[in-house]
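Written out below as structure tokens is the structure these notes cover.
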Amino acid sequence: MYIIGGTTSEKVAKDLCKELQVSLVKMISKRFPDDELYIRILDDISKEHVVIIQTTYPDQKIIELFLLQEAVREAGAKKITVVIPYFGYARQDKKFKDGEPVSAKTMAKLISLNADKVITVDPHKEYILDFFTIPAFSCSAVPEIAKYLNKKKNIDMVLAPDKGALERAKQASTIIGCDFDYMEKTRIDGTTVKIKPKNLNVRNKNVAIIDDIISTGGTMAKSIKELKKHGAKRVLVACTHGLFAGEAIKKLKSAGCDEIISTDTIRSDFSKVKIAPCISKLI
Ligand code: R5P
């Protein structure tokens, strides 16, 4: 088996090589003067099982994944597994209004063209795995996040920012050995959410809020403010996919966030939890 790390996931690929005791494929990757991408695989991977790791975010990285898949197929690989740490476009998982594409399905169909198996991490909704025309699997980063939270953070309660994320909060609370609950969120539009105050007893407690994605930070910022208003001592926010779009970090900090935690599905200064251990089990 060989592993290829796309430019979004070089570190994850190295971690996986260590976990699985396999080699990283040597390759060249550069840009033409007009910014088009050139890639070339240098190792002989014919008749091998090749695992490509690439997050499909931002858009440019999707093209890179397609080129990597094509190059691996052309080089005669026996089996191609595509690992997508963060599956971009997963949130458009249905037609919300007439005239819209189901973007997650478009992505899945195209990725399926040159792959035999797909693995992703905490997809926004599990059913998007059915959009692939090849076997597709997901793993959860929650156990790794919970292990991190269990180290000297003295978490008293894990909260989900909405009912849909309750399972994640429950799973983390079981590992930490603390209470769990959820808040009531109503999404007004892409950047505005309303968090309804709930009868939560968080006074003097250390609370961790867990979600799959932090994008604009709006959901978490509103939740933090609500919890601090109800007397929470410390509020930590943790997510699998830290997109941190626009002013997200500023928003979280000014809401009174005590720590921001993310995995390395999308690398940032807050990637404190490694994703490789959860992926390696599925490879
Ligand atoms: C939505 O259902 C997701 O689980 C996240 O809560 C959402 O994507 C977070 O977005 P934002 O950070 O922009 O509020």
Side-chain angles (χ1 to χ4, degrees), residues 55-59 84-97 100 102-104 107 120-129 131 138-142 144-146 158-173 180-198 200 207-228 235-263 265-273 275:
T55 273
T56 54
Y57 173 86
D59 285 1
I84 310 165
Y86 169 63
F87 183 39
Y89 286 94
R91 281 176 291 176
Q92 182 74 22
D93 54 11
K94 60 180 174 196
K95 233 184 237 184
F96 295 93
K97 287 182 187 150
E100 292 176 352
V102 181
S103 313
M107 291 281 292
T120 189
V121 184
D122 284 330
H124 187 56
K125 294 269 165 49
E126 282 292 315
Y127 66 72
I128 60 127
L129 296 177
F131 294 158
S138 74
C139 59
S140 169
V142 171
E144 295 300 319
I145 293 174
V158 180
L159 283 180
D162 56 41
K163 211 172 175 183
L166 186 61
E167 264 315 302
R168 284 193 192 98
K170 186 176 170 190
Q171 197 189 357
S173 73
F180 72 96
D181 211 323
Y182 69 96
M183 304 182 80
E184 275 165 22
K185 172 173 113 175
T186 318
R187 181 164 285 286
I188 314 293
D189 57 40
T191 50
T192 330
V193 292
K194 232 168 95 184
I195 299 284
K196 222 162 124 194
K198 225 181 135 211
L200 289 172
V207 184
I209 320 173
I210 292 198
D211 208 350
D212 58 339
I213 300 170
I214 298 180
S215 180
T216 65
T219 302
M220 287 297 198
K222 286 263 167 66
S223 308
I224 297 161
K225 278 187 198 151
E226 206 54 50
L227 293 170
K228 289 263 164 144
V235 181
L236 290 73
V237 297
C239 66
T240 304
H241 311 296
L243 292 165
F244 305 123
E247 302 270 82
I249 300 298
K250 207 168 141 193
K251 234 188 260 176
L252 294 173
K253 286 186 177 161
S254 58
C257 185
D258 293 286
E259 187 175 344
I260 304 167
I261 301 140
S262 164
T263 76
T265 60
I266 301 162
R267 276 204 73 73
S268 73
D269 293 347
F270 306 96
S271 298
K272 300 172 183 175
V273 177
I275 209 65

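Indexing begins at 1, ligand by ligand and atom by atom, following the structure's order.
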Taking distance alone, no hydrogens or angles, what donor-acceptor pairs closer than 3.5 Å link side-chain atoms of residues 236-244 to residues at least two apart or in another chain?
| unit_1 | atom_1 | unit_2 | atom_2 | d |
| --- | --- | --- | --- | --- |
| Thr240 | OG1 | Asp122 | OD2 | 2.6 |
| His241 | ND1 | Thr265 | OG1 | 2.8 |
| His241 | NE2 | Val121 | O | 3.0 |
| His241 | NE2 | Asp122 | O | 3.2 |

Side-chain donor-acceptor pairs under 3.5 Å in residues 160-172, sequence neighbours left out?
| unit_1 | atom_1 | unit_2 | atom_2 | d |
| --- | --- | --- | --- | --- |
| Asp162 | OD1 | Gly164 | N | 3.2 |
| Asp162 | OD1 | Ala165 | N | 3.1 |
| Asp162 | OD2 | Lys185 | NZ | 3.4 |

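Taking a cutoff of 4.0 Å between a charged side-chain nitrogen and a carboxylate oxygen, Lys228 and Asp258 qualify as a salt bridge.
Among residues two or more places apart in sequence or in another chain, the side-chain contact (heavy atoms from CB on, under 4.5 Å) test is passed with Lys250 by Glu247.
More than 12 heavy atoms of other residues, nucleotides or ligands sit less than 6.0 Å from atom CZ of Phe270.
Residue-level contacts of ligand 1 at the 4.0 Å heavy-atom threshold are Arg91, His124, Lys185, Arg187, Asp211, Asp212, Ile213, Ile214, Ser215, Thr216, Gly217, Gly218, Thr219.
Heavy atoms only, all atoms of each residue included: Lys272 and Ile260 are closest at NZ-O, 2.9 Å.
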